[in-house]
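In what follows, every chain begins at residue 1, and chains take the letters A, B, ... in the order their sequences are listed.
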Number of protein chains: 2
Amino acid sequence: MSLPDPDWLKQFPALATMPEGERAPLASGAMAMNAPAGTTVYAPGEPCNAFILVISGGVRVYQLDADGNEIVLYRLGPGSICILTTLALLASDAYSAFAITETPVQAMALPVATFNDLMARSAQFRSFVFGAQAARMADLMAVIQNVAFASIESRLAARLLTLAGGGHELSITHQQLAAEIGSAREVVSRQLKAFERRGWVSLGRGRVELRNAAPLRAAAGR
Amino acid sequence: MSLPDPDWLKQFPALATMPEGERAPLASGAMAMNAPAGTTVYAPGEPCNAFILVISGGVRVYQLDADGNEIVLYRLGPGSICILTTLALLASDAYSAFAITETPVQAMALPVATFNDLMARSAQFRSFVFGAQAARMADLMAVIQNVAFASIESRLAARLLTLAGGGHELSITHQQLAAEIGSAREVVSRQLKAFERRGWVSLGRGRVELRNAAPLRAAAGR
DNA sequence: CCAGGCGCGGTGACTTCGTCACAGACCGCT
DNA sequence: AGCGGTCTGTGACGAAGTCACCGCGCCTGG
């Protein structure tokens with residue numbers, strides 16, 4: 001915990017424009033949080049007692065199965081809220097998903113009472129929350145489309161591009177890439193080798209360099 | 001459209017216990033609907049302008065991809081609300097999913113204004129909506145677990161059991177079963193043949209009879 | 001310093017699953 | 001009976017997941 005940055009609301013345009021009266025509980029009830037990378041935000045069975053708004057940093061939400069297989073569902077960045085904790089909070093439902101910070105994260109936490117107060121008070125706040133719900137739902141449906149129907153080649157190419165985010169270098173292991181797309185390490189290794197043979201990437205230990213993004217983008221569309 | 005059954009609220013225990021004052025818009029604003037089997041409830045791009053509460057019948061929500069591949073996401077029964085239309089309504093987001101009635105459906109439709117009124121007025125209504133959100137989110141995560149990591153054998157066995165719902169006979173084609181689990185018809189045909197050889201089911205044109213549920217349940221757990 | 005441990009990547013063999021092409025069986029209709 | 005359409009069966013093949021095992025580089029403790 002630390003002092004809240006008074007400007008944190010700028011990360012949430014939808015909330016910043018709320019009328020003074022509605023916004024009051026946000027200012028008075030929110031607690032600033034700082035978490036290092038690797039902090040667990042949500043895990044099945046763990047109690048969660050706050051509504052979390054991400055100000056800076058990134059959170060990865062993923063599923064694990066009994067055999068240790070992993071698949072990334074979506075990521076939260078600045079301006080996002082953690083729907084998983086929210087739903088767990090309100091519906092006291094247990095999910096088989098995990099949420100973990102990937103980088104140091106600054107966030108604001110609203111106690112349940114404050115959250116309920118805002119939900120009752122502000123249509124704008126409600127629509128902000130619903131918008132976030134809708135976005136996460138769309139994320140999950142995109143994941144389903146991918147794992148059910150898309151080829152490894154296209155899923156891997158697409159993921160490399162989004163993870164690179166405009167840059168040309170990634171620090172990531174084949175195992176981690178496999179977890180990103182819900183596949184196996186060997187499969188990813190072989191596919192990366194194929195990309196390398198075609199000159200699309202070059203590989204190093206724990207490193208993937210994008211050398212030619214155009215054909216990767218083409219492959220991602222298939 | 002038809003006259004609302006005055007007892008329809010009984011299908012929604014969470015709403016029926018709302019205080020008189022909060023419940024008023026439900027009674028005054030809701031419109032009864034009757035739809036035959038095969039009616040489209042939601043499709044991408046179609047405008048939707050009501051919040052839908054299912055009183056009787058069933059709705060199937062599924063995804064299609066460009067090649068015509070299909071996968072069932074979840075089903076809605078009596079007491080459920082259509083989160084898809086709700087989110088599309090509130091977040092004006094486009095989903096790649098379809099919702100269609102499988103049997104004749106009786107439902108109540110709340111205009112957006114009434115829905116917003118209830119959301120503003122009743123904490124109980126809000127928590128009902130959140131509970132439904134949470135349940136659908138859990139459904140989608142279960143689908144992801146299945147398509148990403150579970151074998152065809154276990155997915156098919158599990159689906160046969162839930163579709164039969166305690167009965168021992170299903171009227172369904174192999175193609176439809178494939179769409180249920182997001183696989184291919186040939187794969188389902190071969191797996192069903194294997195089940196038949198083991199004496200777990202017996203097969204007919206458009207028909208699957210469960211002859212021995214115990215090993216199916218065992219296989220579903222793997 | 002270097003020895004072992006460990007994380008990472010590479011590879012071959014095999015199984016499972018999805019795709020394609022096609023054939024045959026069954027159904028309802030005229 | 002003939003016929004078109006739907007449903008199911010099958011073989012061949014490619015794509016993807018699994019298993020077993022290897023070597024390499026890096027790090028760390030003796």
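Rounded to whole Å, the distance from CD on B:Glu70 to P on C:dG18 is 15 Å. A:Gln175 places its CD atom 14 Å from the C1' atom of C:dG10, with the value rounded to the nearest Å. Rounded to whole Å, atom C1' of C:dC17 lies 16 Å from atom CG of B:Asn146. Distance CG (A:Asn69) to P (D:dT18): 6 Å, rounded to an integer number of Å. Summarising the geometry, the separation between CG on B:Leu156 and C1' on C:dT16 is reported as 15 Å, rounded to the nearest angstrom. Between the C1' atom of D:dT18 and the CG atom of A:Asp65 lies a distance of 14 Å, rounded to the nearest Å.
The side-chain hydrogen bond (donor to acceptor under 3.5 Å, both in side chains) test applied to B:Asn69 returns B:Asp65, not counting sequence neighbours.
Between B:Phe130 and A:Phe130, the two ring planes are parallel [angle under 30°; tilted spans 30° to 60°]. Using cut-offs of 30° and 60° on the angle between ring planes, the pair A:Phe115 and A:Phe125 is perpendicular.
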Please tabulate, one pair per line, all N/O donor-acceptor pairs under 3.5 Å involving side-chain atoms of residues 148-161 of chain B, not counting sequence neighbours.
| from | atom 1 | to | atom 2 | distance (Å) |
| --- | --- | --- | --- | --- |
| B:Ser151 | OG | B:Ser154 | N | 3.2 |
| B:Ser154 | OG | B:Ser151 | O | 3.3 |
| B:Arg155 | NH2 | B:Ile181 | O | 2.3 |
| B:Arg159 | NH1 | B:Glu180 | OE1 | 2.6 |

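Heavy-atom nearest nucleotides on DNA chain C were determined for A:Arg207 and for A:Phe149, and the one closer to the 5' end corresponds to A:Arg207.
When all heavy atoms of B:Ala107 and B:Val54 are compared, the closest pair comes out as CB-CA, 4.3 Å.
Taken to the nearest 0.5 Å, the CD atom of B:Glu186 stands 11.5 Å off from the NE2 atom of B:His174.
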In B/S/- notation (B base, S sugar-phosphate only, - none; protein heavy atoms under 4.0 Å), nucleotides 9-16 of chain D written 5' to 3' is BBBB---S

